[in-house]
Amino acid sequence: MEPEMRPATADVDPTVTAAVQNIRDRFGSEGLRDLIALAQMELRNVEEAERSLAGYAEPAAESAAPFDAADTQAWLAFTEVDADRADDRR
C-alpha cells in the first residue's frame with residue numbers, strides 16, 4: 001500500500017472497516033471512489049471547522065476571569081433551601 005494511502009492510525013475502528021467493506025461489496029470500485037470523494041469533502045469541512053473553533057478557543061482561555069470564591073458562596077446562599085418551609089419546591 002502506498003504510504004499516503006495508509007490509515008492515520010494503526011488500529012482502525014472495526015465500524016469503519018465494516019463500512020468500507022460493505023460499500024465495496026455492494027457497490028464495487030465505483031462505490032469506493034464515491035466514498036473516498038465524499039470522505040475527502042467531509043475531511044476538508046471538519047478540518048476547516050476545527051481550525052475555526054481553535055481560533056475561538058485561544059482568546060477565551062486568555063480572557064477568562066479568575067475564579068472568585070465569593071461568587072460561589074453567594075450563589076450557594078441564594079439557592080440554599082430552607083428546611084422549615086414545607087411549600088418550597090426548589
*Asks:* Name the atoms and distances for all side-chain donor-acceptor pairs under 3.5 Å in residues 24-44, with sequence neighbours left out.
*Replies:*
residue	atom	partner	partner atom	Å
Ser29	OG	Arg33	NH1	3.4

*Asks:* Going by side-chain heavy atoms closer than 4.5 Å, which hydrophobic residues are tied to Val12, directly or by a chain of links?
*Replies:*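 Traced through the cluster, Val12 reaches Val16.
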*Asks:* What pairs with Thr15 under side-chain hydrogen bond (donor to acceptor under 3.5 Å, both in side chains), at least two apart in sequence or on another chain?
*Replies:*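 Residues passing side-chain hydrogen bond (donor to acceptor under 3.5 Å, both in side chains) with Thr15: Asp13.
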